[in-house]
Amino acid sequence: MTAALGEDRTYGVASDPRTATVIAFMVKRSLIRIRRIPAAFLPSLAMPVFQLIAFGGAFAGALAYAKINQALDWYVPLSCLQGAAFGAMGLAFATVNDLRTGFFDRLRMAPGGRAATVYGPLAASMVRAIIPLVIVSAVGFIGGAALPGGVLGLLTLTAAALGVAFCASGFGLGLALRMRTLAAATLTQFAIFFALFLSTAQMPLDFIQGWVKPIARLNPMTNVLRLAREGFLGEVTWQDTWGGLLAIAILGTLTTVYAVRGLRSFDK
Amino acid sequence: MTVALARQPIHEDLHQSAVRQTLALARRSVLGRLRQPAALAPSFVFPLFFAALSASSYSRVKNAPGFPKVDSFLQFGLAAAVMQGAFFGATSAAADLAVDIEQGFWERLMTSPVHRTSIVIGRLMSSLVVGALQATVFMGFLAALGVRVRSGPIGIVSIVVSASLVSLAMSTLMSTFAIKTGSPEVVQGMFPLVFVLMFLSSTFMPRELMHGWFRHVVDVNPISYLAEGMRGFVIERELSGWRFFEAIAIPSIGCVLALLLCLRALRRRLAQM
């Protein structure tokens, strides 16, 4: 009996068709939670909007010196990625809460593979990332941001935001499953903050001097930001696109493995 | 006559005991904060990290037209680091007060024969001390990286005093929310508002590089003057009365206003008890 139960512990997505149903329900539950507990979601919306306005005003002169005349073109993509990543932090909070209330154990008993408890939140974070993406972009366009890259520019921004949401939530989930305390959410926040700001978040790479420059050059987030920004700063080109897509693919794989291993260690 | 003579020592005794109680509670509050390095660390680490990050990211911006004459962007950013430290620290001090209320320690103090104002002022004293400590640590750390305070020792002392007053004013304001709600979450949740005020000022960039509606907001935000006053001590050789007004008088006025609000919140809470 124990062996049979052990064999049921499947972690692949395609192991059981019911897994997809469980994932869909988890996405739905995550969206319902936004309506039921708006206070938990609002900061991930309000902070990027605020940051867009504050940075766009405070650092406009600095960016103008770097030949970027409209600061919002620089900060709309950054704020969109931050909104998407903040959602991941909320997901880590929600997971820890589910662990504490015992709801996570009920999820583990749901039909389908165990992987649904990982892929469900990952999918939910990508769906939820669309909300800050739309609102921050709208505020940016109202404020005067331009999109010379057109529809392709919007697509690259969307790909970058969803990719960041996926990677950040994979990391947050992996930490939450290992630590099982709210400190996981705080650590996720720190990781997101450092990953974003030790890149070209504030200024173009050519303008950065000193210790941040080599880190920003190696930081995959620099490529993801380039992908997100290219439509706002000019035409979309493959040269500015592939690096960001590759970074998302590699980070996405690593963070998913981290989350699934976290689930395995939780099961043990 | 006998009654009048007898009253005076009692009144003096009460006054002395209120001072003693305030000092004892202040000591508890200061030690309580210093004994929690994990809670205190972010208010030291983050401002220094931001200063180092900005110095690297915006180092070339110091050559932009309109930017004040500075040795490095780090020198320009010293005042911003001190301000951030004071703001960060103030939030956690007020959150500590909210924890006291939530855990019932506050009510035990209230039912004890301790002067009520002493309870509040004693708790707030930790912000004054931590603010001074932060400013000293930041200036020492940045001095090791070559940042000089051009106005000399008087400027250094003025920055420390200013940081203490900013910290006290902010923690008093945040304590008002702590007393009103008794919830550490609400106090922590107020931090973004503080963050908003700081970014809508000239704390991180000079006003000369700002334009449009944002510039108007920055012009009317008192935090801009506070930051510029503190920065004036760092980047200007000559001491001016205006800089003292900006760096010392503005936070002092803030302290008085915030204390009035805080004591009003305290009276209301006591009336509900």
Side-chain angles (χ1 to χ4, degrees), chain A residues 39-40 42-72 74-75 78 86 93 143-144 182-183 186 189-190 193-194 196-217 222, chain B residues 38-39 41-42 45-46 49-67 72-74 76 80 145 183 185-186 188-219 221 223-224 227:
Chain A
L42 276 178
S44 69
L45 200 58
M47 279 306 285
V49 171
F50 157 68
Q51 185 189 279
L52 176 66
I53 296 166
F55 280 22
F59 301 118
L63 281 171
Y65 189 62
K67 307 276 184 279
I68 294 164
N69 293 324
Q70 175 56 276
L72 289 180
W74 188 256
Y75 287 121
L78 173 70
F86 274 146
F93 265 121
L182 286 175
T186 311
Q189 191 178 14
F190 283 149
F193 173 82
F194 286 117
L196 267 176
F197 279 89
L198 290 174
S199 69
T200 50
Q202 290 175 293
M203 289 294 271
L205 195 59
D206 296 342
F207 260 73
I208 301 173
Q209 287 181 325
W211 68 279
V212 175
K213 190 162 188 165
I215 298 173
R217 202 188 289 278
T222 295
Chain B
V45 174
F46 268 95
F49 174 76
F50 269 120
L53 181 71
S54 302
S56 185
S57 297
Y58 297 117
S59 55
R60 287 175 67 178
V61 180
K62 77 180 170 71
N63 302 319
F67 202 93
S72 64
F73 195 89
L74 207 53
F76 178 85
L145 297 174
S183 159
E185 286 82 12
V186 170
Q188 292 286 0
M190 295 303 291
F191 183 69
L193 286 181
V194 174
F195 195 65
V196 168
L197 287 175
M198 213 160 40
F199 270 94
L200 296 177
S201 74
S202 56
T203 305
F204 299 100
M205 279 283 159
R207 265 194 269 186
E208 290 73 13
L209 296 189
M210 296 170 189
H211 309 284
W213 68 269
F214 194 87
R215 172 70 189 261
H216 294 301
V217 174
V218 170
D219 284 344
N221 186 350
I223 293 174
S224 297

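Proteins get letters first, then strands, A, B, ... in listed order; numbering begins at 1 in each. None of these values were measured; they are calculated from a predicted model. Quick note: numbers below take in every heavy atom, side chains included, and nothing from hydrogens, waters or symmetry partners.
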Using heavy atoms and a sub-4.5 Å threshold, report which of residues 197-206 of chain A line up against chain B, by residue number.
-> A:F197, A:L198, A:Q202, A:M203, A:D206
Between A:Q209 and B:S59, what is the shortest heavy-atom contact and its length?
-> OE1-OG, 2.9 Å
Not counting sequence neighbours, which residues clear side-chain contact (heavy atoms from CB on, under 4.5 Å) with A:I53? List them please.
-> A:V49, B:W213
Measuring from A:L72:CG to A:L78:CG, what's the distance to the nearest 0.5 Å?
-> 12.0 Å
Would you please indicate if the ring centroids of B:F46 and A:F193 are separated by under 6.0 Å?
-> yes
Distance (rounded to the nearest 0.5 Å) between B:I223 CD1 and B:M198 CE = 7.5 Å
Which heavy atom of A:A60 sits nearest a heavy atom of A:A71, and at what distance?
-> CA-CB, 3.8 Å
How long is the span from the CG atom in B:N221 to the OG1 atom in B:T203, to the nearest 0.5 Å?
-> 7.5 Å
So how far is it from A:W74 CH2 to A:I68 CD1, rounded to the nearest 0.5 Å?
-> 4.5 Å
Separation between NZ of B:K62 and OG of B:S72, rounded to the nearest 0.5 Å | 7.0 Å
Residues of residues 204-211 of chain B within contact distance of chain A, non-hydrogen under 4.5 Å | B:F204, B:M205, B:L209, B:M210
With A:Q189, which residues qualify under side chain to side chain donor-acceptor pair (under 3.5 Å), at least two apart?
-> none
Choice from B:A52, B:P65, B:S201, B:G212 maximising heavy atom contacts with chain A below 4.5 Å | B:A52
Relative to chain A, which segment of B:F73 carries a heavy atom at a distance below 4.5 Å: side chain, backbone, both, or neither?
-> neither
Using non-hydrogen atoms only, which part of A:F50 is less than 4.5 Å away from chain B: side chain, backbone, both, or neither?
-> side chain
Answer key: most heavy-atom pairs under 4.5 Å with chain A among B:S57, B:S202, B:A55, B:S54 is B:S57
B:F214, part contacting chain A, at a heavy-atom distance under 4.5 Å | side chain
Classify the angle between the aromatic ring planes of A:F194 and B:F49 as parallel (below 30°), tilted (30 to 60°) or perpendicular (above 60°).
-> perpendicular
Close side-chain approach of A:F59 to B:V61, heavy-atom, < 4.5 Å | no
